[in-house]
Amino acid sequence: MEQVKISPFQLGLLVISIVAGSNLAPIEVLAKRDTWICIIMAMILGSIFIWAQTTLATKYTGKNLVQINELIYGKKIGIVINLFYSWYFMQLIALQIFDFSEFYKNLMLRETPQPVIAIVFLLLCGWAVWKGMEVIARCSEIVIPIIILAVIGTLFLIIPNFKFTNFLPYLQITTTDLIRSSSSLTAILFGEIICFLMIIPMINNHTKLRSAIFIGMYLGGALILLGSVYVIAVLGNTMEISSYPLLQLVRLIDLGEFFSRMEVLVTASFFWIIFLKIAVIYYAMVLNTAEIFKLKNMKPLIFPLGVLGVNLAFILFDNSGDHYSFIVNGYPQMAIPYQFVIPLISLLVIWIRKSLATKKEI
Amino acid sequence: MYKTQKLVQNTSIKGASYLINYFGRLMRFIQYGRNKQVLAKYVKIKQVLSTSLSENLTTFREIMGSSYDIKMREFVIGNSEQTKGAVVYIEVLTDREAINQNIIKPLIYDVHLYDLQPDRIEMRQIQNMIISESISGITSDFDELVEACLYGNVLLLVDGCQEAMMIEAQGWESRGIEQPETEIVIRGPREAFTEVLNQNISLIRRKVNNPNLRLQIHKIGRQTKTRVCTVYIEGIVNPKLINEVNSRLKGIDTDAILESGYIEQFIEDESISPFPTISHSEKPDIIVAKILEGRIAIVVDGTPFVLALPMFFVEVFQTAEDYYIRPFYATFLRIIRVMAFFLSTLSPALYVALSTYNQELIPTSLIITMAGAKQGTPFPAVIDVLIMVITFEIIREAGVRLPRAVGQAISIVGALVIGEEAVSAGLVGAPVVIVIAITAISSFVIPAQINIIILLRFIYITLAGLFGFFGIMLGLVGMIIHLAGLRSFGIPYLAPFAPLEPQGLKDSIVRLPFWGIFFRPPFLGKINRQRRAPQQKPQPDQQNN
Amino acid sequence: MVILVVRFYQLLFILLLLCTICLNGCWNSKELSDIALVTGMGFDKEKVDSQEVIMTSQVIIPKEHPSMAGAAESTSEENKPYTNLTQKGVSIFDAVRKTNAFYSNKQFWGHLKTVIIGKNAAKAGINSYMDFLIRDHELRRQAYILISEKKPETILGLMADMELIPSITMQGLVESARFSGFASSVNLQNFLSRLMSESTAPIAALVKTKKHEANALPHVYGTAIFSKGKQARLIGKLNEHETRGFLFVIGQVKSGIVSFKYPPTEEIVSIELLSNKVAIKPLFKKKGPVFQVTLKIIGALGEQLYLGDLTSFQAKAKLNRLFAQEVRREVMKSMAKAKKLKADIYGFGEIIYQKNPHYWQKIKKNWPEIFAKSEFDLKIKTRIKYSGLIIKSPISN
């Protein structure tokens, strides 16, 4: 396809944007005060997932997911698995589209039909994908430092409303709920890094690949942890009923006459991060499909796949209640095979083949 | 039934094919234009000088026509009657005194001082011994001779000699070096370029005392043959950049180059983008600083604006004065310029978005005032804002075109009075006038980039009117995507922010003191990176304290 | 031929795209002249058991606001900068939409400052009516909640003084209650938090009218206490001093004056409160929890009507003792009232849950009774600074 090169720093920033751009409201409803424990557990689980994925990538340097699958499983089964991944990426995009268009519709643009918001946003992302990965990487370099500054700035403004007793008592959550939320969180936050396997071949320094992705993952996880810590400390027991806890949180900032009405900051940061996230996933999806069918140029596919994604988003979900219960109940079961199980099986196959080959030599 | 079906089918196919044909022709017309003619060629004169003077003079008259300023003065070389000579020159382009003193006088009076045979005079002899002006060359090609004559050279023809000499005796009226009109500084040199190429080059040469300063002349434009000179310092500039610029300049095929803007639009990377990828300046110190960073300057004869390429986005916010004043204040000023840029582009759109879509983001006392001001005005906020923006642009443009004494007063009075009366008449609300005033004043902080600001302003207002704050975010993201994809002669436009180069950040939005910046800007100075020695921070003497 | 077709469809696509963007209109745009800025809201019922709710919203009329050029100099009945819209409905949202029948602008809740709940509605239970205030996306949770004896329409029509709109005045009054500690300032967020907790009783401030120069002004005082249960009903009140006693235990007294009589002459000495720190330690005994409440209060000598020397060592000790006594009196009064109403307004149930969830599960069911019977071990530590511009009273003998 296109011969662009990304530096490891840009790759790390893109990983941060994918991790930090998730809406944790459904998990917060489930896990309540112990969300932060679930996030820490998810980071541990996520490390295992990403270890598997990056090992797969480093075993075949310079090849993206489609090519790796074909090399491991052969042509026929490889194509089947790649088509499944294509379907998974499409679902990812549909989920994200529904999520953010619901957010903007409920918050600001009530009468606008939801598809219009989604289409306009997706046109923007499609334009970025058209320009190529290099442009998306450079956008992330500009945007993400600003967002990190905004998050830390909110910390200083919201400190008067903190009540640390809201964290007590610890671990009131039942074990099944803990496992459910942790697995859900891992699938949402960290498992989506599988789509980076399509972009990894563009990095210009393959030795720093692993560290870039891991550092990005931990930084993104730290941002999410910080966000949920604020939510628990300030909202306390009212966080169970909020659809958008971070937004409620920022609405409560009221220092002096000047620092009020700062939810502008949250909506703007959300916009940037979601844009980067959807641009990356969109790019991965289009590249995936183009590679499966061995096309020379992936640009003609951008528009049709976007149309399909938007349609899928509005077929899958009716309202946000549906969406939230899907994320908690159905999404981990659907996603973890793609994010973890298949890479693990691929690694096993490689290992078995290698040990068989060494056996044969002996 | 079948027949009518077939009839309908046939007519619809005919109609559709006609429509498609029509649209096809429309698209072709849009793309290539109606004329399929090629540019009027500059006819090459295929002749060569003959030995007869009168024949040559007749040919010159034929080629150059009978304009009154083309003078051909015949004389006799030496004091014999045998050798005739003539000078052909254009009166308005040459220095009459120089011709009289240095060309005609020696030829008439001083030839006998030398040992020259009057009937067998060679051009070489004349060149070596008699003429004291500088010589462009000796040739017998009519093409070169005519071109040289049109540039102000004097042509010396001698009967019996098949070559002619082109003598440089240019002299014409020019403006003289004055203060810059567009870039005004409080501290710093106040010279500006003029319209004469040689004066501009002399201003540059005086500042760079370096034998590595190279100049390359191109003559671009079929009808005008404008002289365009690329200036760079060899050893600092990337050779690939020089080759690229030269090849692009050679590829320009047009009638005329009247200003450096023409060249800019022909060789720039992205012409559709509102953001300029080639910077220009009127002051020699700016241009020399840019050459020293590893850029190439293009000086165009006939205009005081000199191009410098490649360009970064941060240069929009930088001026030369930043480097002459204290670093902290310079950083402050740069940040103010960035804020002014965003204020100027975003204020009207923010007003529209906040008052139409997102009223909860405005403090209560302010919204009461805004709502009160809005009562009774007939139009929605978007239309209000658009009317005021366009009105202001009309006033500003009118103020620019008026004579200077009248123009300032009219624009200020006009804006204030019109604004005031519009509010009293109930056409627009008072907050709109204030927003437009802020917008306009902020746009004067970076006057050179007014073209970016105007276009972005309108885009943002439209988006804000459609989607409110969401629309503004769309616009901002779109602008960043566009900027991230721009390249200026192979260099990413947003360097040093993206791709991140920490060394380059020292002189971007902030300006660290000179003793802290050691390297040339990223991507430009790949060959010769270091420009200052480290550890030069001024410190008091350690021993005497 | 193919290129022509392709170009035609490209042109068509771009035109359609432009059409969709230009022709769809801006669904969500509401001009400032089309919205009604609601700064205050009140709801009440006719009788305690009636089904319908009467809602009043206070809408600003910007043209008459004196900050606008062209408005009248002083406000009188004809050109008030606000208007109150009253409407009956089965729920608040229903009533809101019904007001559009007689007021053309759509109400905009983004600037709501106060919510006033009438006595009847408070006694009937307010849980269900809270839903509108929490669910709406424009509403911010910084609005203050006030309970009133009279009808909300009367309160919202009271003549305001510096701020010209009654609801904004009342917001200012609630916020300035922190200077005296005589009313509890509860905004929607705090109210919701208490409503959702399992043990803590919701509270709100009270408002009544006060005569002032032939007009009536709103007067914010005290605390209203609601019960827990399916519906939060108004069950009791705390007056000014009891409110302050209650706020001492929560640690929210930012400022105020505590006055007491100084023996032997029984003249008044006033101490200005500077800071209020509280530490609550629950002990989990079998017969019930015991709460050790330690109050650390720092005050400054504000005013002495007592004509004597208060700077001597003994005087300081006596002053501290009397101060602590007065504080204890106030705290005990409020605790007695809370126990009588069986309402845990202090949040002690939450503290037990946080420190020892196991224990909490056992006593959760009968918490109101257990709270009423539980013991409080109150320790008060006071410190009085002597600040001000004079060292001792000028007239001391």
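Please read these numbers as outputs of a predicted model, since none were measured by experiment. The chains referred to below are lettered A, B, ... by the order of the sequence lines, with proteins before strands, and numbering in each begins at 1. Values below: every heavy atom of this structure, side chains too, minus hydrogens, waters and symmetry copies.
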(Q) Strictly below 4.0 Å, N to O, side chains only: are B:D507 and B:R334 in salt-bridge contact? (A)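 Yes, B:D507 and B:R334 are salt-bridged.
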**Q.** Residues B:R248, B:D269: salt bridge by 4.0 Å N-O rule
**A.**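 Answer for the salt bridge query: yes.
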Q) Given the options A:W127, A:F9, A:F121, which has more heavy-atom pairs under 4.5 Å with chain B than any of the others? A)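 Ranked by heavy-atom pairs under 4.5 Å with chain B, first place is A:W127.
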Q: Considering only heavy atoms and a distance below 4.5 Å, find which of A:L109, A:V143, A:I136, A:T267 pairs most often with chain B.
A: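 Highest number of heavy-atom pairs under 4.5 Å: A:L109.
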(Q) So does A:T112 get a backbone contact from the side chain of A:K105, meaning a donor-acceptor N/O pair under 3.5 Å? (A)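 Confirmed, A:K105 side chain pairs with A:T112 backbone.
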Q | Any side-chain heavy-atom pair of B:Y460 and B:V352 under 4.5 Å | A |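 Heavy-atom side-chain distance check fails, nothing below 4.5 Å.
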**Q.** Region of A:L124 in contact with chain B, defined by heavy-atom distances below 4.5 Å
**A.**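 Contact with chain B involves both backbone and side-chain atoms of A:L124.
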(Q) Does any backbone or side-chain atom of A:I117 lie under 4.5 Å from a heavy atom of chain B? Answer side chain, backbone, both or neither. (A)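 The answer is both parts of A:I117.
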Q.
Counting only non-hydrogen atoms closer than 4.5 Å, does B:L494 touch chain A with its backbone (N, CA, C, O), its side chain (CB onward), both, or neither?
A.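 The answer is the side chain of B:L494.
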Q) CZ of A:F303: more than 12 outside heavy atoms within 6.0 angstrom? A)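 12 or below, so no.
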Q: Determine which residues belonging to residues 469-483 of chain B lie within contact range of chain A, meaning some heavy atom pair is under 4.5 Å apart, and list them by number or answer 'none'.
A: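 Residues of residues 469-483 of chain B touching chain A at under 4.5 Å: B:F469, B:F470, B:M473, B:L474, B:L476, B:V477, B:G478, B:I480, B:I481, B:H482.
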Q: Please report the shortest heavy-atom distance between A:A137 and A:I6, naming the atom on each side.
A: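 Shortest heavy-atom contact: CB-CG2, 3.9 Å.
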Q | Over all atoms of both residues, closest heavy-atom pair of B:I517 and B:L512 | A |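 Closest pair (atom of B:I517, atom of B:L512, distance): CD1-O, 3.5 Å.
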**Q.** Sequence-distant partners of A:R138, salt bridge (Lys or Arg N to Asp or Glu O under 4.0 Å), two or more places apart
**A.**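 Per chain and number, A:R138 pairs via salt bridge (Lys or Arg N to Asp or Glu O under 4.0 Å) with A:E134.
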